[in-house]
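Each remark here refers to the structure printed beneath this line.
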Number of protein chains: 2
Amino acid sequence: MENYNFTLDTAFHALADPTRRAVINRLVEGDAPVKKLAEPFDMGLPAFLKHLRVLEESGLITTRKCGRVRTCRLQPKRLSDAEAWLSEQRELWQAGADRLAAYVENQMREDDDE
Amino acid sequence: MENYNFTLDTAFHALADPTRRAVINRLVEGDAPVKKLAEPFDMGLPAFLKHLRVLEESGLITTRKCGRVRTCRLQPKRLSDAEAWLSEQRELWQAGADRLAAYVENQMREDDDE
DNA sequence: GCTATAGTTCACCATATGGAAAACTATAAT
DNA sequence: ATTATAGTTTTCCATATGGTGAACTATAGC
């Protein structure tokens with residue numbers, strides 16, 4: 001039961017917010033400073049910074065401050081981690097569905113033989 | 001700015017909790033009743049039911065009550081939806097990275113020619 | 001040096017979340 | 001008819017979350 005995966009917890013939590021997903025969707029096109037990232041959103045800088053901090057603590061982005069401007073960069077590895085968990089679950093489910101289908105078909109064949 | 005995607009909001013939010021991910025990870029192996037699902041967890045039924053409701057409202061699972069037992073089933077479509085968003089972001093990022101690499105290489109070639 | 005800019009910190013607020021305990025309902029099982 | 005089982009509802013609590021406005025800091029531009 002060691003399902004305590006801090007990385008997935010924080011990554012999925014970060015992705016659960018539309019503002020934060022929009023930030024990611026902007027950062028896939030390249031690095032950007034806080035000011036620029038915040039522009040499209042109807043909220044104060046403090047609120048926006050909180051979102052950035054959530055993203056940073058999840059590892060989905062990293063930031064670097066040069067002079068007075070902080071630049072944000074996407075960390076695609078963490079996207080892949082989340083994606084990997086999802087695809088694994090989907091594959092496990094698929095395997096079960098296939099097994100079930102094979103079993104059902106097998107039963108039908110036996111019924112035919114009787 | 002129509003980044004208001006209720007499906008992704010609720011799906012990622014549901015996936016952000018280790019208990020709920022463990023439930024999903026159990027349901028990929030097949031349907032199960034509430035009691036059985038709750039067994040491995042150190043919490044009361046009411047708390048566990050809240051998690052199930054979060055999963056159900058997100059569309060990640062569906063439930064059906066027969067007699068006094070409620071059976072839970074995974075809805076893999078929603079897993080795919082979340083996975084699709086992630087893979088799209090990764091692909092967009094990859095495209096940008098490729099463009100950048102091509103540009104850099106091009107610049108280096110120009111430098112050689114001078 | 002003055003001022004505008006980019007970000008940061010702080011105090012505050014309403015609501016959401018994850019949990020507990022207790023009381024209740026409906027259906028099997030004997 | 002009793003009793004055990006499976007789930008449900010309700011009330012309550014502490015903490016987390018997402019936002020605000022105001023005050024502050026550090027750097028860039030003139």
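Chain A is the first sequence line, chain B the second, and so forth, proteins listed ahead of strands; every chain is numbered from 1.
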Derivation and outcome, side-chain hydrogen bond (donor to acceptor under 3.5 Å, both in side chains), residues Thr62(A) and Arg73(A) | CA-CA 5 Å; Thr62(A) 53; Arg73(A) 167 169 301 180; 5.5 Å; no

Trace of the side-chain contact (heavy atoms from CB on, under 4.5 Å) decision for Thr19(B) with His51(B) | CA-CA 8 Å; Thr19(B) 298; His51(B) 286 299; 3.9 Å; yes

Starting from the C-alpha separation in whole Å, work towards a yes-or-no answer on side-chain contact (heavy atoms from CB on, under 4.5 Å) for Asn5(B) and Phe12(B).
-> CA-CA 11 Å; Asn5(B) 193 322; Phe12(B) 281 129; over 6 Å; no

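Nucleotide dC12(D) holds its P atom 13 Å from the NZ atom of Lys50(B), rounded to whole Å. Counting to the nearest Å, the P atom of dG21(D) and the CG atom of Asp42(A) are 10 Å from each other. To the nearest angstrom, C1' of dG18(D) lies 14 Å from CG of Leu55(A). Between Leu52(A) atom CG and dT17(D) atom P the separation is 16 Å, expressed in whole Å.
Note on His51(A): every side-chain N or O is 4.0 Å or more away from OP1 and OP2 of dT17(D).
For residues 63-71 of chain B, proximity to DNA chain C is found at Gly67(B), Arg68(B), defined as any non-hydrogen atom under 4.0 angstrom from a strand atom.
Distance OG1/Thr63(B) to CG/Leu55(B): 10.5 Å, rounded to 0.5 Å. Here the straight-line distance linking atom OG of Ser80(A) with atom CD of Gln89(B) works out to 12.0 Å at 0.5 Å rounding.
Comment: Asp9(A) engages Arg21(B) in a salt bridge, judged by a side-chain N to carboxylate O separation of less than 4.0 angstrom.
The list of ring pair (Phe, Tyr, Trp, His ring centres under 6.0 Å) pairs with a residue in residues 13-39 of chain B, not counting sequence neighbours, is empty.
You can see that DNA chain C meets the heavy atoms of chain A within a 4.0 Å-exclusive cut from dA4(C) to dT9(C), reading 5' to 3'.
Side chain of Arg20(B) to backbone of Ala14(B): a donor-acceptor contact under 3.5 angstrom is found.
End-to-end axis angle of the helix from dG1(C)-dC30(D) to dT30(C)-dA1(D), from C1' rotation axes over five pairs per end: 30° (rounded to 10 degrees).
The residue among Asp17(A) and Arg53(B) whose nearest nucleotide of DNA chain D lies closer to the 5′ end is Arg53(B). Across the interface with DNA chain D, nearest-nucleotide mapping of Lys35(B) and His13(A) shows Lys35(B) to be the residue nearer the 5′ end.
Arg78(A) meets the salt bridge (charged side-chain N to carboxylate O under 4.0 Å, His left out) test with Asp81(A); sequence neighbours excluded. The side chain to side chain donor-acceptor pair (under 3.5 Å) check on Arg68(A) picks up nothing, with sequence neighbours excluded.
One hydrophobic cluster, built from ILVMFWY side chains closer than 4.5 Å, holds both Leu49(A) and Leu37(A).
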